[in-house]
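One structure is given below, encoded as structure tokens.
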Amino acid sequence: MKTVALALTPPQTIGPFFHGLVRARLNVLVSPQTLGDRIRIDGVVLDGKRDPVSDAMVEIWQANAAGRYRHPADTREVPLDPAFTGFGRAATDDEGRFWFETIRPGRVPFTGRIEQAPHINVMVFARGLLHHLCTRLYFPDDPLTEADPVLNLVPASRRGTLIAARVPSAAVPSYRFDIILQGEGETVFFEV
């Protein structure tokens with residue numbers, strides 16, 4: 001019997017093209033033609049020791065201002081904005097920071113007549129994560145946030161990790177959303 005020597009599998013946890021994807025930044029989701037209220041989101045990705053994660057990638061996807069996703073499965077009779085992709089990607093910098101320029105999303109249905117509060121879906125990819133993490137960003141100044149059916153599945157003591165903080169002095173309405181990967185104050189992540 002002949003023995004064949006095989007090369008070791010590279011120690012990648014999220015694929016060999018991760019660093020290439022990190023470089024493909026799509027921070028700006030809007031153009032001058034995009035409908036809706038412009039917002040900016042700034043945040044930082046932190047590890048369990050509260051050290052910045054400098055090589056993470058944060059992706060967002062969201063409904064447009066009318067509450068429709070740019071996805072073939074969303075066939076509702078709600079206006080689709082051709083000037084809004086609804087998807088963004090940002091790499092963290094040396095201090096773990098990321099940012100997006102987007103719009104405030106509209107309400108989307110849940111079940112029956114119940115609506116979800118405007119929110120942004122957030123995914124985090126980073127070294128050491130076997131799978132990406134999924135979470136949501138909610139707005140503190142939306143009247144539907146406290147009644148959101150998904151947010152209310154989260155224990156009350158942890159809901160705050162999903163609600164962005166309004167930045168009062170910014171020229172464009174801005175929100176701060178930090179993502180803590182583990183430990184005290186860990187952001188709530190969903191199994192999807």
Side-chain angles (χ1 to χ4, degrees), residues 20-45 56-93 97-125 132-153 159 161-179 187-190 192:
L21 291 173
V22 167
R23 292 186 189 107
R25 295 182 179 193
L26 301 167
N27 302 61
V28 180
L29 286 72
V30 294
S31 70
Q33 294 76 34
T34 303
L35 302 174
D37 297 328
R38 302 307 195 259
I39 62 170
R40 181 177 166 103
I41 298 166
D42 288 277
V44 62
V45 178
M57 182 172 66
V58 178
E59 289 184 352
I60 63 171
W61 63 279
Q62 65 174 91
N64 65 23
R68 182 170 175 185
Y69 289 101
R70 178 174 289 285
H71 189 277
D74 191 346
T75 58
R76 294 174 294 130
E77 292 187 26
V78 177
L80 184 61
D81 184 350
F84 184 65
T85 63
F87 172 79
R89 173 183 295 144
T92 55
D93 65 13
R97 296 177 299 197
F98 65 90
W99 60 270
F100 293 100
E101 290 180 13
T102 184
I103 57 163
R104 192 174 175 114
R107 299 172 179 174
V108 295
F110 185 62
T111 57
R113 295 181 182 170
I114 299 174
E115 289 184 313
Q116 298 180 66
H119 65 275
I120 296 176
N121 299 292
V122 180
M123 285 186 272
V124 181
F125 301 80
H132 59 275
L133 301 172
C134 299
T135 188
R136 283 182 165 197
L137 177 162
Y138 288 92
F139 299 93
D141 47 2
D142 191 280
L144 286 183
T145 294
E146 287 191 25
D148 182 83
V150 175
L151 186 61
N152 280 303
L153 295 173
R159 289 180 195 152
T161 68
L162 302 179
I163 300 174
R166 180 79 190 252
V167 179
S169 60
V172 174
S174 298
Y175 297 88
R176 175 75 186 228
F177 187 69
D178 293 342
I179 300 169
T187 300
V188 171
F189 299 105
F190 297 96
V192 291

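When reading the values below, keep in mind they use all heavy atoms of this one structure, side chains included, and skip hydrogens, waters and symmetry mates.
- Counting heavy atoms from C-beta on, the side chains of Tyr138 and Leu144 never come closer than 4.5 Å.
- Of the inter-residue distances, the one linking Phe84 atom CZ with Thr102 atom OG1 reads 3.5 Å to the nearest 0.5 angstrom.
- When all heavy atoms are compared, the tightest approach of Ala147 to Asn152 is C-ND2, 3.3 Å.
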**OP:** Take Leu162 and Phe190 through the side chain to side chain contact (heavy atoms under 4.5 Å, CB included) test and state the conclusion after the steps.
**Re:** CA-CA 11 Å; Leu162 302 179; Phe190 297 96; 3.8 Å; yes
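- Checking side-chain atoms of Asp74 against main-chain N and O of Arg70 turns up no donor-acceptor pair under 3.5 Å.
- A 4.5 Å side-chain heavy-atom check between Arg107 and Pro118 finds at least one atom pair inside the cut-off.
- In this structure, Arg104 contributes its side chain and Phe139 its backbone to no donor-acceptor pair below 3.5 Å.
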**OP:** Given side chain to side chain contact (heavy atoms under 4.5 Å, CB included), test Asn121 with Met123 step by step and report yes or no.
**Re:** CA-CA 7 Å; Asn121 299 292; Met123 285 186 272; over 6 Å; no
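- Checking side-chain atoms of Gln62 against main-chain N and O of Ile103 turns up a donor-acceptor pair under 3.5 Å.
- The main-chain N or O of Val44 is found under 3.5 Å from a side-chain atom of Asp178 such that the two form a donor-acceptor pair.
- Side chain of Ser174 to backbone of Val167: no donor-acceptor contact under 3.5 angstrom is found.
- Under the 3.5 Å distance criterion, the side-chain polar atoms of Glu59 are left unmatched by any main-chain donor or acceptor of Gly88.
- Between the side chain of Asn64 and the backbone N or O of Pro79 there is at least one donor-acceptor pair closer than 3.5 Å.
- In this structure, Asp37 places its CG atom where only 12 or fewer heavy-atom neighbours from other residues, nucleotides or ligands lie under 6.0 Å away.
- Judged purely by atom type and a 3.5 angstrom limit, Arg38 uses its side chain to pair as donor or acceptor with the backbone of Gly36.
- The closest side-chain heavy-atom distance from His119 to Leu151 is not below 4.5 Å.
- Checking side-chain atoms of Thr187 against main-chain N and O of Thr161 turns up no donor-acceptor pair under 3.5 Å.
- With sequence neighbours left out, the ring pair (Phe, Tyr, Trp, His ring centres under 6.0 Å) criterion links Phe177 to no other residue.
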**OP:** Before giving the answer on side chain to side chain contact (heavy atoms under 4.5 Å, CB included), spell out for Tyr175 and Asp141 the whole-Å C-alpha distance, their side-chain angles and the decisive distance to 0.1 Å.
**Re:** CA-CA 11 Å; Tyr175 297 88; Asp141 47 2; 3.0 Å; yes
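- In this structure, Val78 and Ala66 approach most closely via the heavy-atom pair CG1-O, 3.2 Å.
- Between the side chain of Thr135 and the main chain of Val188, a donor-acceptor pair closer than 3.5 Å is present.
- The heavy-atom pair separating Arg166 from Pro140 by the smallest distance is N-CG, 4.1 Å.
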Subject >> From CA spacing to verdict: side chain to side chain contact (heavy atoms under 4.5 Å, CB included), Val172, Glu101 >> reply: CA-CA 10 Å; Val172 174; Glu101 290 180 13; over 6 Å; no
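- The two residues Gln116 and Val150 make their nearest non-hydrogen contact at OE1-CG2, 3.9 Å.
- Within the 4.5 Å cutoff, the side chain of Trp99 has no heavy atoms near those of the Asp93 side chain.
- Partners of Arg159 according to the salt bridge (charged side-chain N to carboxylate O under 4.0 Å, His left out) rule, which considers only residues two or more places apart in sequence or in another chain, do not exist here.
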